[in-house]
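Heads up: the structure comes next, in structure tokens.
Just the heavy atoms: all of them, side chains too, but no hydrogens, waters or symmetry mates, feed the values below. Here the structure is a predicted model, which is why all the values come from computation and not from measurement. The first residue in the sequence is number 1, and the count goes up from there.
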Amino acid sequence: MGFLDINQATKSYGALQVLHETNISIEEGEFLVLVGPSGCGKSTLLNMIAGLEDITSGEIAIRNRSMNGVKPADRNIAMVFQSYALYPNMTVKGNISFGMEMHGIEKSEREKRIAQVAELLQISHLLDRKPGQLSGGQRQRVAMGRALVREPDVFLFDEPLSNLDAKLRVDMRTEIKKLHQKLGTTIVYVTHDQIEALTLSTRIAVMFGGYVQQLGTPKEIYDNPANMFVAGFMGSPSMNLFPAKVVTVEGQPAAEIALANGQTAAVPFANDKLAGSVGQDIVLGIRPEAITDKDGADRNSKAVHTVEAPVEVTEPAGSDTFVVTQIGGKDVTGRFRADVSVNAGDVFPFAFNMEKAVAFDPQTEDRIA
């Protein structure tokens with residue numbers, strides 16, 4: 001049993017089931033991110049934890065206490081919304097204090113908590129202002145402060161950074177991570193931004209179509225995606241996915257790939273996991289940083305193989321240059337060093353680190369190696 005347990009939880013609206021049997025056990029102090037595209041069920045699950053949505057079947061428990069039928073106000077959870085949801089006619093101090101007043105916390109204790117949280121979030125100088133006088137980042141800090149003073153069992157964040165500009169999102173992401181490391185609170189956080197998911201979480205639940213596609217640490221999700229959806233959704237740029245055929249090269253299984261110039265190349269795998277699949281079609285998955293220029297390849301890898309391929313596009317990105325070729329009719333992106341001289345139209349050696357390659361079944365889209 002975890003601190004927060006989701007057991008066989010489902011949600012239906014009439015005949016439409018939007019969340020299928022979901023099982024997640026969250027330990028105290030964990031930072032779980034629910035990530036996926038719009039309509040995947042992540043916000044529905046968060047609202048079920050909060051009590052804003054009823055559970056159709058299954059159970060959600062906090063501290064071994066079933067939350068089924070328990071009102072939101074009685075769950076000892078605090079929620080931070082995308083829209084901030086601040087009272088415009090109240091000062092910052094009033095907004096932070098309001099929930100504590102409703103729960104009957106004495107004034108001296110309220111003042112103590114407000115001072116602590118304001119200092120923690122660096123908003124002490126804003127306490128007498130009203131929300132209309134604050135920037136988006138400041139409003140989000142106030143919304144977080146209102147949740148923190150409650151000292152709840154679980155914090156729920158519903159896409160809290162989506163209304164902020166790109167730079168402020170990055171800054172606030174860092175602040176939220178610092179806050180979690182300092183306080184050790186239990187957080188369930190919803191986002192559609194996979195970079196937020198990878199940088200903030202201790203574990204990630206990748207959702208699609210009302211199902212949890214994979215549950216694991218950021219490293220597990222990134223390095224060992226369970227299926228093609230997870231592989232393509234997580235990472236920026238996302239994992240390259242292109243057709244290949246398992247063949248044998250000097251007794252070792254290899255991926256035979258079709259290049260844009262009509263030629264083929266056979267790239268040996270790093271192990272024998274696909275030795276029994278010779279002759280089968282697969283979808284090969286490999287991340288951009290595992291396809292690079294020869295001198296930039298991982299020198300610790302024993303499975304770096306070079307393929308001469310025509311360059312379609314180059315995209316300078318400051319610290320890197322993204323170089324695009326075509327394999328099996330799919331655009332494939334490599335992450336090259338910034339100072340590599342490569343141009344569209346060149347036939348250039350792409351170094352594949354096959355220690356980082358994964359293989360999927362084209363029919364089921366599940367990972368097979």
Where is the tightest heavy-atom contact between Gln194 and Met234, given as atom of each residue plus distance?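 Nearest heavy atoms, Gln194 then Met234: CB-SD, 3.6 Å.
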Determine the minimum heavy-atom distance between Glu355 and Lys302, stating which atoms define it.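 Shortest heavy-atom separation between Glu355 and Lys302 comes out as OE2-N, 3.2 Å.
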Count I, L, V, M, F, W, Y as connected when their side-chain heavy atoms are under 4.5 Å apart, and connections chain through other members. Are [X] and [Y] then in the same cluster?
X      : Y      : result
Val246 : Phe360 : no
Leu183 : Phe157 : yes
Leu34  : Ile195 : no
Val80  : Met100 : yes
Val283 : Ile286 : no

Would you confirm whether [X], through its side chain, and [Y], through its main-chain N or O, come within 3.5 Å as a donor-acceptor pair?
X      : Y      : answer
Gln140 : Pro160 : yes
Arg335 : Pro288 : no
Asn23  : Gln8   : yes

Would you say the ring centers of Phe208 and Phe233 fall short of 6.0 Å from each other?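 Centroid separation for Phe208 and Phe233: 6.0 Å or greater.
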For side chain to side chain contact (heavy atoms under 4.5 Å, CB included), just list the numbers for Phe155 and Leu148, CA-CA rounded to whole Å, side-chain angles, deciding distance to a tenth of an Å, and then say yes or no. CA-CA 8 Å; Phe155 289 94; Leu148 286 170; 3.6 Å; yes
Are [X] and [Y] packed together at the side-chain level, in the sense that at least one heavy-atom pair is separated by less than 4.5 angstrom?
X      : Y      : value
Pro131 : Asn95  : yes
Leu284 : Met354 : yes
Glu308 : Gln263 : no
Val35  : Leu198 : no
Phe348 : Thr325 : no

Is a donor from one side chain sitting under 3.5 angstrom from an acceptor on the other, for Ser66 and Glu59?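 Result is yes, a qualifying pair exists.
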What I want to check is whether the side chains of Thr10 and Thr56 have a donor and an acceptor closer together than 3.5 Å.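 Looking only at side-chain atoms, Thr56 and Thr10 do not form any donor-acceptor pair under 3.5 Å.
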Please say whether more than 12 non-hydrogen atoms of neighbouring residues, nucleotides or ligands are located less than 6.0 Å from NZ in Lys245.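 For Lys245, atom NZ is not crowded (no more than 12 foreign heavy atoms under 6.0 Å).
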Which residues share a side chain to side chain donor-acceptor pair (under 3.5 Å) with Thr306, sequence neighbours left out: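 So Thr306 forms no side chain to side chain donor-acceptor pair (under 3.5 Å) with any residue.
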Go through Ile123 and Ile96 one step at a time and tell me if the side chain to side chain contact (heavy atoms under 4.5 Å, CB included) criterion holds. CA-CA 11 Å; Ile123 55 172; Ile96 295 174; 3.9 Å; yes
Under-4.0 Å salt bridge between Lys107 and Glu111: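 Salt bridge absent between Lys107 and Glu111.
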Hey, what do you get for CG (Leu19) to CD1 (Ile55), rounding to the nearest 0.5 Å?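 Atom-to-atom, Leu19:CG and Ile55:CD1 are 10.0 Å apart.
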Please work out which of the three classes, parallel, tilted or perpendicular, describes the rings of Tyr211 and His20, given edges at 30° and 60°.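 Geometry flag for Tyr211 against His20: parallel rings.
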Report the relative orientation of the aromatic rings in Phe242 and Phe352; use parallel for angles under 30°, tilted for 30 to 60°, perpendicular for over 60°.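 Taking Phe352 first and then Phe242, their aromatic rings stand perpendicular (interplane angle over 60°).
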Does NZ or CZ of Arg287 fall inside the cone over Tyr222's six-membered ring, less than 6.0 Å from its centre and within 45° of the axis?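 Verdict for Tyr222: a cation-pi partner in Arg287.
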Of the options Glu119, Glu109, Lys93, which is the one that meets Ile114 in a side chain to side chain contact (heavy atoms under 4.5 Å, CB included)?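 Only one of Glu119, Glu109, Lys93 forms a side chain to side chain contact (heavy atoms under 4.5 Å, CB included) with Ile114, namely Lys93.
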Output, in order, the C-alpha distance, side-chain angles, deciding distance and verdict of side-chain hydrogen bond (donor to acceptor under 3.5 Å, both in side chains) for Ser162 and Gln82. CA-CA 7 Å; Ser162 59; Gln82 175 182 349; 3.1 Å; yes
Are Lys42 and Glu159 close enough, and set up right, to give a side chain to side chain contact (heavy atoms under 4.5 Å, CB included), and what steps lead you there? CA-CA 10 Å; Lys42 59 188 185 297; Glu159 303 207 37; 4.0 Å; yes
For the pair Asp366 and Ile368, evaluate side chain to side chain contact (heavy atoms under 4.5 Å, CB included) and give the outcome as yes or no after the intermediate values. CA-CA 6 Å; Asp366 291 334; Ile368 54 177; 5.7 Å; no
